[in-house]
Amino acid sequence: MGQENSDNLFDVPDGVLPAGYDSESKGYQTVIVNDKIYVIGGSSDGARLSIDVKIFDKSTGKWLIPTILGSKPMPSKGHSSIPVNNDQILILKGDCSAADCFWFLEVDTPYVREQAKLLGTDVVAWTKGVVGDGPKPVVISGPSGVGKGTLIAKLMKEFPTTFGFSVSHTTRAPREKEINGVHYHFTERSIMEKEIREAKFLESALVHGNLYGTSIEAVEAVTDAGKRCILDIDVQGARTVRAGSLDASFIFICPPSFEELEKRLRARGTETEEQIQKRLRNARAELDEGKSVGLFDHILVNDDLETCYENLKKLLALNDRTDANYQPTAKSFKIPLSHSISNKDQKFLIHCRTSELGKERTSLFLLDVSSLKGGAPGRTRRLNIYAIDS
Ligand SMILES: Nc1nc2c(ncn2[C@@H]2O[C@H](COP(=O)(O)OP(=O)(O)O)[C@@H](O)[C@H]2O)c(=O)[nH]1
Ligand SMILES: Nc1ncnc2c1ncn2[C@@H]1O[C@H](COP(=O)(O)OP(=O)(O)O)[C@@H](O)[C@H]1O
């Protein structure tokens, strides 16, 4: 495995790296981006190589110790790597299906630069590449007691294989009927704060005095299963997601009146009087924010529940559909262990070599990364792959 190229962009001259790091045969791949050499590879357990990252700064002749964000790829039998756009590295895992073979190491993207500033260290971030678009997540916001949970529960019940719920983390105490891992991941504040620092969350916010947050894992577990992810988050969270890398639809739910909101909140009977007062105070600001220009794509008034639910389904284009005819896209593409990658005019050619009944077979694929969307801390979507007759 390796890269084929015309301008020696990826060749690290002999003697630049300390001994032991310049040999592809040891399972390391070296990629130069700007003035840095990224050594991608790692220790082997005999069958599989872990995919670790080391950085050598050519200008100082020193190793850098970066903070590595995101979940790294699982070990593979081998991989190849190639720079993309001078700010990230594409890693192709061999002997792997399309669901797990494309990975990006972001080395100089806006997200990485922002995190480096925040953390005061060098930063690189892993993000998994996804072929095509994946179903677009839906963010649902609105004041406490407006009926978000009720509407989402109806949707999940009617379309169980279409939708999946993003289970948030929270530091608030569970209510009587709430189940850990189903309604929320109930967690301690210090643990959640640590995980926020480690960039495990797409967004987090202090809401009614408690910390709430959407982990990257919560959203990706749903979208990786081919389901459309539903996020029930407050307006601050919606704002963060809107500004971030997740391409979602944003829906705000309004009550018919403030009095009705108060009535519902009291009738639910899950909060103390003090908590109800706090939620009602915050509701006024949330209602103003919800109507602010550019944040939400749609506003729905939840007066009569059935009418609101029908309108929600219309927005999500579900009215003429049953759950049974929803099929996630098939992704049957597989990269063999023996492959190489080269780049040509912003596109990548993947040469795959397989052997069938003792006969060598070469196949060629074109990987188009010109319309990538998303990226760290979530997934990198819109990879397009085409088979080429060779
Ligand atoms: N930012 C953010 N808000 C969340 C998250 N999970 C829930 N929330 C919001 O936190 C608020 C309080 O939620 P909860 O305590 O379940 O009370 P409820 O809205 O009255 O049912 C609601 O506005 C939720 O939408 C999250 O992961 N991130
Ligand atoms: N359209 C509606 N009309 C009357 N009651 C409603 C309506 N929608 C929801 N409710 C009730 O209002 C209360 C709050 O709803 P819930 O879904 O828990 O709100 P949220 O998740 O937005 O805090 C619940 O007791 C629910 O049964």
Side-chain angles (χ1 to χ4, degrees), residues 1-14 17 20-33 37-53 72-85 88-105 126-132 329-372 380-390:
M1 249 172 305
Q3 312 96 358
E4 290 157 9
N5 60 307
S6 51
D7 54 5
N8 282 338
L9 183 62
F10 322 117
D11 285 339
V12 177
D14 284 346
L17 280 172
Y21 285 102
D22 47 359
S23 163
E24 236 183 62
S25 62
K26 290 193 176 147
Y28 293 104
Q29 293 267 313
T30 49
V31 179
I32 302 176
V33 182
I37 304 174
Y38 294 83
V39 181
I40 301 166
S43 53
S44 160
D45 66 2
R48 286 177 188 274
L49 283 168
S50 68
I51 304 181
D52 300 324
V53 183
K72 72 172 184 177
M74 295 295 284
S76 73
K77 288 184 185 165
H79 63 269
S80 51
S81 11
I82 194 163
V84 183
N85 299 332
Q88 52 188 330
I89 298 166
L90 169 68
I91 286 97
L92 243 75
K93 286 171 66 176
D95 196 26
C96 239
S97 70
D100 190 42
C101 69
F102 300 109
W103 285 80
F104 290 91
L105 183 70
W126 283 110
T127 148
K128 187 153 117 178
V130 175
V131 175
T329 351
K331 293 171 181 169
S332 54
F333 175 80
K334 190 172 173 174
I335 297 263
L337 183 57
S338 178
H339 72 266
S340 61
I341 182 162
S342 55
N343 87 344
K344 212 167 177 39
D345 312 326
Q346 287 297 297
K347 305 237 172 31
F348 295 91
L349 285 172
I350 306 170
H351 302 249
C352 298
R353 289 173 295 278
T354 45
S355 141
E356 260 171 51
L357 303 165
K359 258 195 172 173
E360 284 283 311
R361 206 173 151 246
T362 310
S363 39
L364 198 57
F365 293 91
L366 183 76
L367 181 69
D368 183 352
V369 296
S370 59
S371 50
L372 293 184
T380 298
R381 302 187 190 280
R382 293 207 188 154
L383 274 83
N384 287 314
I385 188 138
Y386 310 94
I388 298 177
D389 292 330
S390 49

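Please read these numbers as outputs of a predicted model, since none were measured by experiment.
- For the atom pair CD1 of Ile350 and CG of Leu90, the computed distance is 7.5 Å after rounding to the nearest 0.5 Å.
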Exercise. Does the side-chain contact (heavy atoms from CB on, under 4.5 Å) test come out yes or no for Ile40 and Trp103, once each step is laid out?
Worked result: CA-CA 12 Å; Ile40 301 166; Trp103 285 80; over 6 Å; no

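- Taking CD1 of Ile335 as the start and NZ of Lys93 as the end, the distance is 12.0 Å to the nearest 0.5 Å.
- Nearest heavy-atom pair, Val33 versus Pro83, reported as atom, atom and distance to 0.1 Å: CG2-CB, 4.0 Å.
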Problem set entry | From CA spacing to verdict: side-chain contact (heavy atoms from CB on, under 4.5 Å), Phe102, Leu367 | CA-CA 10 Å; Phe102 300 109; Leu367 181 69; 4.0 Å; yes

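- Summarising the geometry of Lys72 relative to Ile51, their closest heavy-atom pair is CD-O, 3.6 Å, with the distance given to 0.1 Å.
- Heavy atoms only, all atoms of each residue included: Leu49 and Gly78 are closest at CD1-CA, 4.4 Å.
- Annotation for Gln29 and Ser80: closest pair OE1-CA, 3.5 Å, computed over non-hydrogen atoms.
- A pairwise comparison of heavy atoms in Arg353 and Ser340 identifies NH1-OG, 3.9 Å as the closest pair.
- Residues Leu349 and Leu366 are in side-chain contact: their nearest non-hydrogen atoms beyond the backbone lie under 4.5 Å apart.
- Side-chain N or O atoms of Thr380 include none that pairs as donor or acceptor with a backbone N or O of Thr127 at under 3.5 Å.
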Exercise. Between Trp126 and Leu105, is a side-chain contact (heavy atoms from CB on, under 4.5 Å) present by the stated rule, with each step listed?
Worked result: CA-CA 5 Å; Trp126 283 110; Leu105 183 70; 3.7 Å; yes

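- Looking at heavy atoms from C-beta onward, Leu383 lies in side-chain contact with Leu372 at the 4.5 angstrom threshold.
- For the side chain to side chain donor-acceptor pair (under 3.5 Å) test, no residue two or more places apart in sequence or in another chain qualifies with Lys128.
- The shortest non-hydrogen separation linking Cys101 to Cys96 is CB-CB, 3.6 Å.
- Legend: residues meeting ring-ring contact (aromatic ring centres under 6.0 Å, His included) with Phe365, ordered by chain and number and at least two apart, are Phe333.
- Not a single side chain to side chain donor-acceptor pair (under 3.5 Å) links Asn85 to another residue, sequence neighbours left out.
- Shown here are the side chain to side chain contact (heavy atoms under 4.5 Å, CB included) partners of Ser355, two or more places apart in sequence or in another chain: Glu360.
- For Asp368, there are no salt bridge (Lys or Arg N to Asp or Glu O under 4.0 Å) partners, not counting sequence neighbours.
- Taken to the nearest 0.5 Å, the OG atom of Ser50 stands 9.0 Å off from the NE2 atom of His79.
- For Asp95, the side chain to side chain contact (heavy atoms under 4.5 Å, CB included) partners two or more places apart in sequence, or in a different chain, are Lys77, Lys334, Leu337.
- Here the OG-CG distance, from Ser76 to Leu92, works out to 10.0 Å after rounding to the nearest 0.5 Å.
- In this structure, the separation between OH on Tyr38 and CD1 on Ile91 is 11.0 Å, given to the nearest 0.5 Å.
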